[in-house]
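Worksheet: the structure to be examined is printed underneath.
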Protein chains: 2
Amino acid sequence: MSSIREQHKIRTRRCILDSAVKLFSRKGFEQTSIEELAREAGIGKGTIYSYFETKRDIVKAFCDDQLDYARSELAAKTNPETPLIDQLMIIFMADFNYVTDHKEFGRVYLHEKVFPKEPLSEEDFQVQNDYFDMLYPIYRRAQERGELRTDLELLHISGHIYAIYLLMLTCWYTGMIATEDIGDAMRTMMIQTIEGLKP
Amino acid sequence: MSSIREQHKIRTRRCILDSAVKLFSRKGFEQTSIEELAREAGIGKGTIYSYFETKRDIVKAFCDDQLDYARSELAAKTNPETPLIDQLMIIFMADFNYVTDHKEFGRVYLHEKVFPKEPLSEEDFQVQNDYFDMLYPIYRRAQERGELRTDLELLHISGHIYAIYLLMLTCWYTGMIATEDIGDAMRTMMIQTIEGLKP
DNA sequence: AGAAAAAATCGACTGCGGTCGCCTTTTTTA
DNA sequence: TAAAAAAGGCGACCGCAGTCGATTTTTTCT
């Protein structure tokens with residue numbers, strides 16, 4: 001439809017996000033001011049707020065976009081017939097590497113998504129559901145192959161795996177585990193989760 | 001030693017924390033300004049910053065104090081000879097109830113502790129270690145009773161349980177699980193973690 | 001006790017996130 | 001194509017977190 005206007009808006013939005021990636025990565029999220037970001041993007045300060053409601057929303061928008069993209073890529077990378085643990089490692093290490101590559105973005109995003117001020121919006125839940133929808137077939141297939149109990153709900157299985165993922169994230173952010181050790185740690189914990197803690 | 005001065009400082013600190021609990025609980029953390037807090041506490045704005053480095057540190061100090069207290073209480077409540085799952089429920093539901101009672105404090109605290117901007121300080125690690133020290137005997141005793149595998153490191157066992165605790169917290173903050181359902185959900189997930197996901 | 005030193009209190013000030021109303025650009029209407 | 005309407009861009013302005021140096025209170029020294 002409206003060509004000039006729409007195209008320009010898309011370009012400006014991209015430009016803000018690109019500038020944000022550049023500055024937040026270099027100087028940190030809190031250390032970068034909106035005015036600075038506006039200058040880098042070559043626009044006025046107020047304009048940024050007609051694209052994003054808050055400074056954090058810039059991070060949220062960027063991460064949502066990236067995750068969308070990353071997950072669409074993943075469908076190609078995982079083979080549903082390989083052992084469950086291998087598939088899980090591919091999926092969750094991809095997410096994890098994204099975080100290690102964008103520490104500041106990941107931190108702000110996780111604050112909002114994991115311990116939000118208000119319960120998640122309908123839209124945010126949708127993002128989460130899309131995520132589960134991607135994983136459910138994998139778990140179901142693993143159940144069929146006898147790798148997972150069939151008396152457990154898929155939601156619970158997803159929860160256990162997600163819990164380990166969260167644990168790895170916090171271990172990394174707190175400095176308890178070094179970046180290069182995360183892969184091993186995650187594999188160990190996921191295997192233990194599958195096998196159980198009791199003798 | 002110095003009586004008047006020290007006593008007065010302790011009283012002022014307490015007063016700031018009390019005012020913070022009152023205002024943050026009533027109006028929310030972000031919605032309460034430092035000036036307002038200073039007024040409530042009957043002191044100047046600048047004074048608050050000679051007791052706490054940042055607004056968030058007020059929350060951190062309060063929560064650290066409370067957790068210290070809560071954990072010392074717990075030693076009395078738990079009987080190391082009862083089944084592991086019962087002990088875990090007592091400990092983690094106590095922590096959890098504290099969070100539900102102080103949602104705003106918990107949220108800010110969790111942001112700082114779970115996904116911190118900088119790796120945790122030596123002091124913060126100590127708090128975490130104290131926590132583990134409290135739990136290790138429980139896990140070790142459960143291993144001796146044959147409730148837990150003995151080939152797993154206690155650190156890993158602690159990790160699995162903590163992961164479930166984090167999961168419950170995020171489910172609550174995101175609105176995915178209602179307050180009254182948390183107990184059941186946590187018990188279910190912990191039992192599954194102990195039993196394992198594979199057939 | 002009185003002077004000097006040390007510690008604590010304070011609020012004006014700075015910088016930043018976010019708002020708002022005015023101005024410019026684009027689109028629609030006739 | 002010209003005028004009206006709509007949308008977008010903008011930066012001065014507001015409120016608040018956090019700073020700093022001047023002032024008051026307490027402690028120490030002689």
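Within every chain, numbering begins at 1; the chains are lettered A, B, ... in the order of the sequence lines, protein sequences first and strands thereafter.
- Among the protein residues, B:Phe52 comes within range of no part of the nucleic acid, since none of its heavy atoms lies under 4.0 Å from any strand.
- Other residues, nucleotides and ligands contribute more than 12 heavy atoms inside 6.0 Å of the OH atom of A:Tyr136.
- Rounded to whole Å, atom P of C:dT9 lies 11 Å from atom CD1 of B:Ile48.
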Notebook entry, point to check: When you look at B:Gln128 and B:Asp124, which way does the side chain to side chain donor-acceptor pair (under 3.5 Å) test go after all the steps?
Noted result: CA-CA 7 Å; B:Gln128 207 155 57; B:Asp124 285 334; over 6 Å; no
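- Using a 4.0 Å cut-off on heavy atoms, none of the residues of residues 107-121 of chain B approach DNA chain C.
- Atom pair B:Gln7:CD and D:dT27:C1' shows a separation of 15 Å (rounding to whole Å applied).
- Going from atom CZ of B:Arg5 over to atom P of C:dA8 covers 5 Å, rounded to whole Å.
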Item checked: Contact state string [nucleotides 10-21 of chain D, B base, S sugar-phosphate only, - no protein heavy atom under 4.0 Å] -> BB----SBBB--
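- To the nearest angstrom, P of C:dC16 lies 13 Å from CG of A:Leu23.
- The NZ atom of A:Lys9 sits 7 Å away from the P atom of D:dG9 (whole-angstrom rounding).
- The side chain of B:Thr12 approaches C:dT9 more closely than any other nucleotide in the set C:dA8, D:dG8, C:dT9.
- Phosphate contact (OP1/OP2 of D:dA7, side-chain N/O of A:His8, threshold under 4.0 Å): absent.
- Remark: of the listed residues B:Phe52, B:Phe105, B:Tyr51, B:Phe29, B:Phe105 is the sole one forming a ring pair (Phe, Tyr, Trp, His ring centres under 6.0 Å) with B:Phe62.
- If you take CE on B:Met168 and CD1 on B:Ile177, they are separated by 4.5 Å, rounding to the nearest 0.5 Å.
- Between the CD atom of A:Glu6 and the P atom of C:dT25 there is a distance of 19 Å, rounded to whole Å.
- Atom CG in A:Asp57 sits roughly 14 Å away from atom P in C:dG17 (whole-Å rounding).
- Rounding to whole angstrom units, CZ of residue A:Arg11 and P of D:dG8 are separated by 15 Å.
- A donor-acceptor pair under 3.5 Å is absent between the side-chain atoms of B:Lys60 and the main chain of B:Thr54, judged by distance alone.
- Applying the 6.0 Å contact sphere to CD of B:Glu36 captures more than 12 heavy atoms from other residues, nucleotides or ligands.
- Around the CZ atom of A:Phe125, the shell of radius 6.0 Å holds more than 12 heavy atoms that belong to other residues, nucleotides or ligands.
- Evaluated for a side-chain contact (heavy atoms from CB on, under 4.5 Å) with B:Leu197, the options A:Glu195, A:Met190, A:His160, A:Arg149 yield exactly one hit, A:His160.
- A distance of 7.5 Å separates CD1 in A:Ile85 from CD1 in A:Ile161, rounded to the nearest 0.5 Å.
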